[in-house]
Amino acid sequence: MNSNPQLPPIPLNLAPETDFKIAREFFASAGFDQSHLCELMKMGDMSDLGNVHWDKLDRTKFSPALWACAEVFLRGERLSEADLQRVWNESVLNSFRSLGLVCNSRKAPNELLCPVWLYPVEGSLIVSDRPNELETELRSAAEDVVFPGIYLGTLRFLRLLPDAHGAEALDLCGGSGIGALLLARQASKSATADVTARSAFFAEFNGRLNGVPIESLCGDLYAPTRGRQFDVITAHPPFVPATGKTMIYRDAGATGEDVTRGVIANLPDHLRPGGTCMVLCVACDTFEAPLEKRVWDWLGEKRNEFDVLYGFEKALTVEGVVAAMTKRGQNVPPEEARNLMERLRSAGTRQFVYGALFIRRLSTPTAPPPLRFGMGPLATAAEFERLFAWRRWSSRQNLNGSVAELKPKLRKGVELNVRHLTVDDELVPVEFVFSIENELRAAFRPDTWVVPLLAEFNGKRSIREVFSNFQTRGELPEGFDLNAFGGLIKRMIEKGFFEVDPG
């Protein structure tokens with residue numbers, strides 16, 4: 001299935017199920033799992049693997065079988081075939097050979113190595129291409145490298161996977177198949193699709209290695225699912241503006257948005273009503289519109305059927321992105337860098353933005369305007385579900401009716417910082433800043449007179465009650481009515497400062 005003659009052949013084999021079963025059971029009995037390894041190797045998560053000081057690890061805490069797994073599969077070391085026969089036993093070693101997880105070294109025929117990278121992550125065993133090959137040997141030739149599944153971006157993507165309980169799920173740009181594997185824990189059916197045959201093969205292998213039935217498809221985005229619809233669609237697409245020779249796992253057209261746009265523009269044909277799409281990506285704010293508005297436009301004539309939320313994490317300047325590409329060994333010569341800069345400017349790119357798009361298809365074409373909010377690195381799909389539910393409920397209400405009866409309370413983690421200045425020899429508060437920095441990220445600077453009103457909300461007082469109390473005492477500015485106050489609280493709920501139970 002290897003389409004590029006410059007690449008090494010795929011070393012893995014879709015061996016009989018008995019070999020996969022032997023491998024699964026061995027890894028489980030050896031403790032080759034994420035939580036155990038992170039504890040022994042002092043890692044916060046598997047993305048810290050590259051920072052492990054192997055010479056400082058306490059080998060006495062590892063069983064011989066687990067230490068050999070760490071050395072061969074995680075570190076990529078060669079070990080004596082005789083030694084491995086002793087610690088793994090002949091049956092396990094034979095199954096590893098049959099699957100292609102170990103082979104004899106060309107440099108030292110009496111030693112065995114793992115020609116791929118095998119690691120546990122989020123409860124699954126994942127095989128991908130090795131990072132040293134990705135960074136060096138295959139850089140100029142590998143158009144279809146199977147990208148590792150333990151880098152920070154991928155782990156963030158996995159945390160954001162939507163609820164797929166009973167759903168038919170599709171993970172696009174699937175690579176190793178890790179997204180589909182996690183979705184399969186809840187979904188009735190789970191499929192992964194990737195444009196390269198190499199990734200499709202690795203995904204099929206990983207499904208069998210974990211004993212999880214996933215459908216591994218090969219083709220450009222939705223091409224292999226033509227005519228089908230899904231309840232959940234996810235993607236962690238490549239996003240680098242292409243320069244020179246394209247690397248499929250990394251590059252995404254003139255501005256880096258081609259793949260992301262393709263995922264979203266085809267949702268009207270492939271996402272069922274009530275379904276959810278999640279895309280973690282880098283894309284562009286232009287001078288004409290922010291990303292979430294552009295995404296809404298990409299949905300075409302049926303855009304009013306889709307509720308678009310954008311969890312914004314950080315912004316990157318156009319100059320910074322181009323400079324980073326030239327510094328990361330991507331072989332971007334000065335002339336190509338200048339051409340890229342001009343191309344991005346011509347496209348009206350104001351800045352690159354990184355975050356998560358959640359898109360819900362509604363049963364009726366009554367979607368509210370797209371919404372951007374600040375997202376922290378530990379955000380999960382639950383934050384987006386909270387907002388979808390709130391927007392669905394509030395769109396059916398009016399500010400002088402049900403919304404005014406809500407009893408908000410400040411969310412855990414909200415801070416109020418006050419800045420003072422010396423005025424007439426006294427410290428006087430001149431600025432109030434509400435902030436939140438956990439799953440969500442936001443800051444709000446209200447006028448001084450608003451702060452006492454906001455401090456009243458503890459889940460026991462309604463918006464109407466707080467407003468009426470301050471109005472009776474004459475502590476509200478002229479023209480500030482219940483409608484304006486309710487609108488302010490709604491915005492603070494959307495930003496994550498308040499939580500409510502609409503009932």
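Numbers for residues simply follow the sequence, beginning at 1. Keep in mind the model is a prediction, meaning the values are calculated, not measured.
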> Could you report the tightest heavy-atom contact between K412 and N438, atom names first, then the distance?
O-ND2, 3.7 Å
> Go through the side-chain N and O atoms of R156 and S47 and say whether any donor and acceptor fall under 3.5 Å apart.
no
> Step through the shown structure and confirm whether more than 12 heavy atoms of other residues, nucleotides or ligands are within 6.0 Å of CZ on R473.
yes
> For P224 versus A193, what's the shortest heavy-atom pair and its separation?
CG-CB, 4.3 Å
> Which value, rounded to the nearest 0.5 Å, describes the distance between F312 atom CZ and L357 atom CG?
12.5 Å
> Enumerate the residue pairs fulfilling ring pair (Phe, Tyr, Trp, His ring centres under 6.0 Å) with a member in residues 153-172, sequence neighbours excluded, ordered by first and then second residue.
F157-H236
> Could you give me the CA-CA distance, side-chain angles and deciding distance for V121 and T154, then say whether side-chain contact (heavy atoms from CB on, under 4.5 Å) is met?
CA-CA 10 Å; V121 59; T154 301; over 6 Å; no
> Taking the side chain as everything from C-beta on, heavy atoms only, tell me whether R411 gets closer than 4.5 Å to L440.
yes
> If you define the side chain from C-beta out and look only at heavy atoms, does anything of D129 sit under 4.5 Å from R198?
yes
> Please examine the side chains of C277 and F230, heavy atoms only from C-beta on, and report whether any two atoms are closer than 4.5 Å.
no
> Report yes or no: does T234 contribute a side-chain atom to a donor-acceptor pair with the main-chain N or O of M278 at less than 3.5 Å?
no
> Show the nearest heavy-atom pair for residues Q186 and P162, with the distance to one decimal.
OE1-O, 4.4 Å
> Could you state the interatomic distance from CD1 (I264) to CG (L221), rounded to the nearest 0.5 Å?
11.0 Å
> Hey, could you give me the OG/CG distance between S346 and N339, rounded to the nearest 0.5 Å?
10.5 Å
> Give the minimum heavy-atom separation between G166 and S188, together with the two atoms involved.
O-OG, 3.4 Å
> For the side chain of S124 and the backbone of I126, is there at least one donor-acceptor N/O pair under 3.5 Å apart?
no
> Just by modelled atom types, is the V263 backbone N or O under 3.5 Å from a matching donor or acceptor in the Y222 side chain?
yes
> N206 side chain to V127 main-chain N or O, any donor-acceptor pair under 3.5 Å?
yes
> Side chain of R159, backbone of L378: donor and acceptor closer than 3.5 Å?
no
> Under 4.5 Å between any side-chain heavy atoms of V433 and R419, yes or no?
no
> For the pair S190 (side chain) and I214 (backbone), establish whether a donor and an acceptor sit closer than 3.5 Å, ignoring hydrogens and angles.
no
> For R360 and T276, does a side-chain donor sit closer than 3.5 Å to a side-chain acceptor?
yes
> Please list, one pair per line, the donor and acceptor atoms closer than 3.5 Å that link side chains of residues 365-376 to other protein atoms, with sequence neighbours excluded.
from	atom 1	to	atom 2	distance (Å)
T366	OG1	T364	OG1	3.3
R372	NE	E292	OE1	3.0
R372	NE	E292	OE2	3.3
R372	NH1	D285	OD2	3.2
R372	NH2	D285	OD1	2.7
R372	NH2	D285	OD2	3.3
R372	NH2	E292	OE1	2.9

> Using side-chain contact (heavy atoms from CB on, under 4.5 Å), reason through L387 and F358 one step at a time and then give a plain yes or no.
CA-CA 10 Å; L387 268 175; F358 270 67; over 6 Å; no
> Between the main-chain N or O of C284 and the side-chain N or O of T349, is there a donor-acceptor pair closer than 3.5 Å?
no
> Using the rule given for salt bridge (Lys or Arg N to Asp or Glu O under 4.0 Å), can you reason through R386 versus E439, listing the C-alpha separation, both sets of side-chain angles and the distance that settles it, and then say yes or no?
CA-CA 12 Å; R386 174 190 68 82; E439 291 86 357; over 6 Å; no
> Working to the nearest 0.5 Å, report the span between CG of L291 and SG of C281.
6.0 Å
> State, yes or no, whether a side-chain contact exists between L280 and Y354 at a heavy-atom distance under 4.5 Å.
yes
> Mind checking salt bridge (Lys or Arg N to Asp or Glu O under 4.0 Å) for E499 and listing every partner two or more places apart, or none if nothing turns up?
K409
> In the structure I gave you, are the side-chain heavy atoms of P237 and L172 within less than 4.5 Å of one another anywhere?
no
> How long is the straight-line distance from CZ of F485 back to NZ of K490, given to the nearest 0.5 Å?
14.0 Å
> With heavy-atom distances below 4.5 Å as the criterion, would you say the side chains of V295 and V279 are in contact?
no
> To check you understand the geometry: which heavy-atom pair defines the closest contact between A442 and K495, and what is its length?
CB-O, 3.9 Å
> Apply side-chain contact (heavy atoms from CB on, under 4.5 Å) to residues Y119 and S128 and explain how you reach the verdict.
CA-CA 9 Å; Y119 41 83; S128 65; 2.9 Å; yes
> Which atom pairs, one a donor and one an acceptor, fall under 3.5 Å between side chains of residues 304-311 and the rest of the protein, sequence neighbours left out?
from	atom 1	to	atom 2	distance (Å)
E305	OE1	R361	NE	3.0
E305	OE1	R361	NH2	2.9
D307	OD1	R391	NE	3.1
D307	OD1	R391	NH2	2.7
D307	OD2	R391	NE	3.3
Y310	OH	G355	N	3.4

> Of all the heavy-atom pairs spanning L155 and G149, show the shortest one and how long it is.
CD2-O, 4.1 Å
> Please walk me through it: do V321 and V282 pass side-chain contact (heavy atoms from CB on, under 4.5 Å)?
CA-CA 11 Å; V321 168; V282 172; 6.0 Å; no
> Anything under 3.5 Å between a donor and an acceptor, one on a side chain of residues 443-460, the other on a protein residue two or more places apart or in another chain? List them.
from	atom 1	to	atom 2	distance (Å)
R445	NE	E431	OE2	3.3
N458	OD1	K460	N	3.0

> For a 4.5 angstrom cut-off between non-hydrogen side-chain atoms, does F467 reach I489?
no
> With sequence neighbours excluded, what pairs up with R272 under the salt bridge (Lys or Arg N to Asp or Glu O under 4.0 Å) test?
E168, D231
> Hey, could you give me the CZ/OG1 distance between R350 and T317, rounded to the nearest 0.5 Å?
12.0 Å
